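This report concerns only the one structure given below.
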Amino acid sequence: MVLFLSLLITEGDKYILGSTSEGEVHVWLFSDLLLEFLKEKIEKETLFSSICKFSFKDGPIQNLALFEKGIESLFFNDETSIYGYSWPEILDEIKERKNLGQPSTKVTKFKSNPKRLYNILQNNSNENERIQCVDYDHSQNRCFIGTNRGHVLIIDLKEMKLIKRVSPVKNSILLDESVVSINAIRFFQNNSFIYGNSRGNLELYDYEAQKPIKVFKLEKDSLSLVKFIQFEIDQKWVVVGHNDYITRWHVQSGNLDSALPISSDVNYIFPTDDVIYTAHNDNQILNWESNGELLGKFEASAASVTAIAGKVEGKDRILVIGGNSPIIDLYVNSHRIFSYVAN
């Protein structure tokens, strides 16, 4: 069974990339097909095959990130390492397949392997440490890794070296089974990131000074386990998925704007300037007003949604949704217009 772990829309909206639990990356056309649909040359809910797919490694490929300028690489990770692969080489293969005029079921296996940029177990006395979450800073070519042992590692992607290793939550006096896990992380600006952990802590953290800048806290004894963090477009607001709430915070003041009770875990959040889309452990996508009012919901093809890529184009909210199904759905303003299949 195909399980999509990560989806990505490339710059210029040319392609959609999707990575799977089997170590493959599928590529579909995006802007060309969307334009054809808007010109009414494509019937609604048409199914499009991937134009090519790549096999990079055995095992899951998570957290796709594309740097189309500068270091020009596609990055991803498994449980212990960050990998990079030349984007121009991938583009050459995509263009060759595209010029053939038909999709190919052939899996492209490159002669060279993706470059392992950093393994979190190197120079690490704890062989049980694993990657829990990853985010990227395109402006400084940096990667932020949150681990199951409560550490955050900042990696220089160009120099392929560790810049800093910090422990936002001090775990040294805890027993091994009680160590706090960094479950979600997002780079903010300058020398800071926002993180959430398995104990419910949610903080904006200065990694150079190694101290919190802002602590976000609900008016209850403890904040529920943090599952997912996503900034709104202007980074003035951050939306957080917990195991029983979705919360929206003003970043600079640390004030809570809204708290939405939910009945199932959040797998993904895509906030816009006025609407929040959330995916849970089923095929339902919920559509919320930022003030907490539920506007509606719609269903994806996958029984469980595990990956979303989104963008805002004028008044249109565009979502690409995947999960435990070979079908990837494209929605515009909560309406499915056509779908992709992993051939």
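Numbers for residues simply follow the sequence, beginning at 1. Here the structure is a predicted model, which is why all the values come from computation and not from measurement. The basis for the numbers below is simple: all heavy atoms, side chains too, and nothing from hydrogens, waters or symmetry mates.
Between H250 and W237, the ring-plane angle classifies as perpendicular under the 30° and 60° cut-offs.
In summary, E89 and K115 do not engage in a salt bridge, as defined by a charged side-chain N under 4.0 Å from a carboxylate O. The residues E79 and R130 are annotated as salt-bridged, a charged nitrogen and a carboxylate oxygen being separated by less than 4.0 angstrom. Using a 4.0 Å cut-off between charged side-chain N and carboxylate O, R248 and E232 make a salt bridge. Between K311 and D13, at least one side-chain nitrogen of the basic residue sits less than 4.0 Å from a carboxylate oxygen of the acidic one, meeting the salt-bridge criterion. Residues D135 and R186 are paired through a salt bridge, judged by an N-O separation under 4.0 Å between the basic side chain and the carboxylate.
When only modelled atom types and interatomic distance are considered, R317 and S334 share no side-chain donor-acceptor pair under 3.5 Å. With no hydrogens or angles considered, no side-chain donor-acceptor pair links E24 and S55 at under 3.5 Å. With no hydrogens or angles considered, a side-chain donor-acceptor pair links S181 and Q132 at under 3.5 Å. Between the side chains of D156 and N141, no donor-acceptor pair is found at a separation under 3.5 Å. In this structure, a donor-acceptor pair under 3.5 Å is absent between the side chains of N183 and N197.
Atom OG1 of residue T20 and atom CG of residue N324 lie 13.0 Å apart, to the nearest 0.5 angstrom.
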Applying side-chain hydrogen bond (donor to acceptor under 3.5 Å, both in side chains), run through S339 and D329 and close with a yes or a no. CA-CA 4 Å; S339 299; D329 298 316; 2.8 Å; yes
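Relative to the six-membered ring of Y207, R165 misses at least one condition, a distance below 6.0 Å or an angle of at most 45° to the axis.
Annotation: Y205 is in aromatic contact with F193 [ring centroid separation under 6.0 Å].
Not counting sequence neighbours, D92 has no partner by the side chain to side chain donor-acceptor pair (under 3.5 Å) test.
Within a 6.0 Å sphere centred on NZ of K236, heavy atoms belonging to other residues, nucleotides or ligands number 12 at most.
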